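Fair warning: this is a prediction, and the values are worked out from it, not measured in the lab. Below, chains carry the letters A, B, ... as their sequence lines are ordered, and counting in each starts from 1.
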Amino acid sequence: DVKVTQSSRYLVKRTGEKVFLECVQDMDHENMFWYRQDPGLGLRLIYFSYDVKMKEKGDIPEGYSVSREKKERFSLILESASTNQTSMYLCASSTGTSGDQYFGPGTRLTVT
Amino acid sequence: SQQGEEDPQALSIQEGENATMNCSYKTSINNLQWYRQNSGRGLVHLILIRSNEREKHSGRLRVTLDTSKKSSSLLITASRAADTASYFCATARSGNTPLVFGKGTRLSVIA
């Protein structure tokens with residue numbers, strides 16, 4: 001059974017903290033994605049990666065960075081968390097950039 | 001850059017009825033996909049339809065695609081309470097571009 005896991009289901013951080021969200025997939029997928037989901041706004045793509053050490057900006061990359069040192073792991077980094085980054089963060093992976101995606105359970109991040 | 005727009009935003013039906021959700025998009029696409037999300041969880045892929053296909057079935061799901069109208073519909077037949085979820089369409093402009101998701105339709109199936 002395919003699996004995408006995320007390091008935390010719930011996370012509470014303070015403004016200004018550096019936050020790491022980890023995502024691991026066990027399907028040997030080349031492509032991995034980070035989204036945030038907010039009420040009324042749907043899913044918005046933050047960054048994606050189509051290969052190890054490769055990254056591409058999505059629609060809303062400001063305030064975020066990513067790291068992909070190994071094929072199975074894709075990390076989202078909030079360099080200095082702000083309250084407007086309070087959101088649900090979803091990680092996904094796929095074989096092709098536009099292929100069907102497998103999602104992790106999500107991390108609900110609250111920045112206070 | 002929101003590509004797909006689902007309609008209606010919310011839908012409430014009785015168990016056993018059929019549920020139809022629509023998705024409209026703006027540009028040409030390579031494929032269109034439908035996903036389901038249970039409350040507070042990740043999305044689950046339901047079905048993918050390519051731009052050269054018109055209809056696809058998977059169990060109780062039927063998806064149609066009309067590229068001339070830039071629209072798709074998802075039909076869930078004989079709905080169950082367990083179908084209660086949000087449903088999203090997602091489009092890919094080409095084989096090398098990431099998906100763009102709509103804002104979703106919230107479906108409530110009342111037992």
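Heavy-atom minimum distance, A/Phe48 versus B/Pro98: CE2-CG, 3.7 Å. Here the closest heavy-atom approach between residue B/Phe88 and residue A/Gln37 is recorded as CZ-NE2, 3.5 Å. Summarising the geometry of B/Gln37 relative to A/Leu90, their closest heavy-atom pair is NE2-CD1, 4.1 Å, with the distance given to 0.1 Å. A pairwise comparison of heavy atoms in B/Tyr35 and A/Gly99 identifies OH-O, 4.3 Å as the closest pair.
Residues of residues 11-18 of chain A never come within less than 4.5 angstrom of chain B, heavy atom to heavy atom.
Heavy atoms of B/Ser94 lying under 4.5 Å from chain A belong exclusively to its backbone. Proximity to chain A (any heavy atom under 4.5 Å) is shown, for B/Leu43, by both the backbone and the side chain. For A/Tyr50, no part lies near chain B; criterion is any non-hydrogen pair under 4.5 Å.
Heavy-atom pairs under 4.5 Å with chain A peak, among B/Asn31, B/Asn30, B/Thr97, at B/Thr97. Between chain B and the options A/Gln6, A/Arg108, A/Arg9, the largest number of non-hydrogen pairs under 4.5 Å is found for A/Arg9.
Both B/Met21 and B/Val109 are assigned to one and the same hydrophobic cluster, defined by single-linkage of ILVMFWY side chains at heavy-atom distances under 4.5 Å. B/Ile47 and B/Tyr87 end up in the same hydrophobic cluster when Ile, Leu, Val, Met, Phe, Trp and Tyr side chains are linked at under 4.5 Å. No continuous path of ILVMFWY side-chain contacts below 4.5 Å connects A/Phe33 to A/Tyr47, so the two sit in separate hydrophobic clusters. Hydrophobic clustering (ILVMFWY, side-chain heavy atoms < 4.5 Å, transitive): A/Leu76 and A/Met32 are in one cluster. In this structure, B/Val63 is not a member of the same hydrophobic cluster as B/Leu48, with clusters built from ILVMFWY side-chain heavy atoms closer than 4.5 Å.
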Exercise for the section: Decide side-chain contact (heavy atoms from CB on, under 4.5 Å) for A/Tyr102 and B/Val44; before the verdict, give the C-alpha distance in whole Å, the side-chain angles of both, and the deciding distance to 0.1 Å. Expected result: CA-CA 7 Å; A/Tyr102 294 84; B/Val44 174; over 6 Å; no
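Remark: B/Arg50 CZ is loosely packed, at most 12 non-hydrogen atoms of other residues, nucleotides or ligands lying under 6.0 Å away.
A/Ser98 OG to B/Ile29 CD1: the interatomic distance, rounded to the nearest 0.5 Å, is 10.5 Å. Taking CG from A/Leu41 and CZ from B/Phe101, the interatomic distance works out to 15.0 Å, rounded to the nearest 0.5 Å. Rounding to the nearest 0.5 Å gives a distance of 8.5 Å between OG of A/Ser94 and CD of B/Gln33.
Contact of the A/Met88 side chain with the B/Arg41 side chain is not registered, since no non-hydrogen atoms from C-beta on lie closer than 4.5 Å.
Applying the salt bridge (charged side-chain N to carboxylate O under 4.0 Å, His left out) test to residues at least two apart or on different chains, the pairs with a partner in residues 72-83 of chain B are B/Arg60-B/Asp83. Counting only residues at least two apart or in different chains, side-chain hydrogen bond (donor to acceptor under 3.5 Å, both in side chains) contacts with residues 7-16 of chain B are absent.
Under the side-chain contact (heavy atoms from CB on, under 4.5 Å) criterion, A/Ser80 pairs with no residue at all, not counting sequence neighbours.
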